[in-house]
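None of the values given here were measured: they were computed from a predicted structure.
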Amino acid sequence: MENIELTNRLEKFDLFFNNNKVKVEELFQSWYFNRENCQTFIDNSKYKNLGFKTVDIYEAKKHLKLIELYKFIVSNDYKFYLEWEYKKRDYFFSSHKENFIEKYNRILQTLEICNQTLNSLNIDQNFDTLYNDFYGKRFFMKQIFKEIFLKYGISLTENALKVIFGRFRYHNNKTIDAIQIITYKTHFYKPLSKQFDISINYAGGIFSVFFMRASGLLNENNNYINYSKEIPNFHDPFLQEKKIIKIFAKACLLK
């Protein structure tokens, strides 16, 4: 019963978006033409004669580190770290002691990298705060990504942030991540925790795709559109990840 109700609710949202494709396109175009005025787009001497700016890959790679941080947050590794003090005795007497210690040390290294990321992006909150925030109200998460997307010309309203990072209630007070409303019937129809999937030359979520593309780490023809090698901006999400940016635009239509 609950699955039927959820599907019906999602279908209604999908119908709403289909009826408002023009508005989605208009918002995308406004972001598209505004992007070159933003600090993440710079003059590239190699292509300056062509009359447009390109994404600052080095700046985008800093933002990609934040995606890796959130991938770590949603993994089980940090839970292992939190349980270490309570279960350390069991681990030391386990036949897999060496594996446990190796895992713990690897997590410590990852935490150090996460703290470096927060410092490089001038984010005041520490890792523990962001971890608890993700599994709580996601207040800091909304503000952090709002500021970062502004650097690409994407202005997300408060309602849009609630849709992208909030939760949606349906049958008997059950919830799903509200991002599934705007990713319904797409490759990215999955919980928020899966939107940070990332590995070498692979991106499985809308955030990992956007920032890996901006960082120049995806192949030219990796996702939706095949571009020839003559296109110098193949790492511009506005050129090759239009579907993702339009997902963000859909979120801005909901109130």
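There is a path of hydrophobic side-chain contacts, each under 4.5 Å, that joins Y135 to L82. Clustering ILVMFWY residues whenever any of their side-chain heavy atoms sit less than 4.5 angstrom apart, transitively, puts L150 in a cluster other than the one holding I206. Follow the hydrophobic side-chain contacts under 4.5 Å out from V209 and you never reach I57; the two are in separate clusters. Cluster annotation: L111 and I113 are assigned to distinct hydrophobic clusters (Ile/Leu/Val/Met/Phe/Trp/Tyr, side-chain heavy-atom contacts under 4.5 Å, transitive).
Under the side chain to side chain contact (heavy atoms under 4.5 Å, CB included) test applied with F207, the options L192, L64, I148, L66 reduce to a single match, L192. Evaluated for a ring pair (Phe, Tyr, Trp, His ring centres under 6.0 Å) with Y152, the options F211, Y32, F145 yield exactly one hit, F211.
Counting only heavy atoms from C-beta outward, the side chains of P237 and I244 never approach each other to under 4.5 Å. A 4.5 Å side-chain heavy-atom check between E25 and K21 finds every atom pair outside the cut-off. For the pair Q39/E59, a side-chain contact is recorded, criterion being any heavy-atom separation below 4.5 Å from C-beta on. D56 is not listed as a side-chain neighbour of F41, based on a closest heavy-atom distance of 4.5 Å or more. Side-chain contact check for W31 versus L156: some heavy-atom pair is nearer than 4.5 Å. Contact annotation: the side chain of F13 never approaches that of N18 to less than 4.5 Å [non-hydrogen atoms, C-beta and beyond]. M141 is not listed as a side-chain neighbour of L130, based on a closest heavy-atom distance of 4.5 Å or more.
For Y184 and E11, the side-chain atoms include at least one donor-acceptor pair closer than 3.5 Å. Between the side chains of E147 and Q143, not a single donor N or O lies within less than 3.5 Å of an accepting N or O.
Using bins of under 30°, 30° to 60° and over 60° for the plane-to-plane angle, the ring pair F210/F149 lands in the perpendicular bin. Classification of the F28-F238 ring pair by plane angle, with boundaries at 30° and 60°, yields tilted.
The aromatic ring centres of Y81 and Y78 sit less than 6.0 Å apart.
Ion pair D197/K71 not flagged as a salt bridge, since none of the NZ, NE, NH1 or NH2 atoms sits closer than 4.0 Å to an Asp/Glu carboxylate oxygen. At a threshold of 4.0 Å, the pair K142-E158 does not count as salt-bridged, since none of the basic side-chain nitrogens sits closer than that to a carboxylate oxygen. One finds no salt bridge joining R213 and D236 here, because no Lys/Arg side-chain nitrogen approaches an Asp/Glu carboxylate oxygen to under 4.0 Å. Salt-bridge check for D177 with R138: passed, with a basic side-chain N closer than 4.0 Å to an acidic carboxylate O.
T186 places a side-chain N or O within donor-acceptor distance of the main-chain N or O of F188, the cut-off being under 3.5 Å. The closest donor-acceptor contact from the side chain of S193 to the backbone of V74 lies at 3.5 Å or more, if one exists at all. In this structure a side-chain-to-backbone donor-acceptor pair under 3.5 Å is missing from N115 to N126. For the pair K65 (side chain) and Q116 (backbone), a donor-acceptor distance under 3.5 Å is absent.
Summarising the geometry of Q195 relative to T183, their closest heavy-atom pair is NE2-CG2, 4.5 Å, with the distance given to 0.1 Å. What you find for M212 and A203 is that their closest heavy atoms are SD-CB, 3.7 Å. Closest approach of I179 and I164 over heavy atoms only: CB-O, 3.5 Å. Here the shortest heavy-atom pairing between K162 and A178 reads O-CB, 4.0 Å. Here the shortest heavy-atom pairing between F72 and C114 reads CD2-SG, 3.9 Å.
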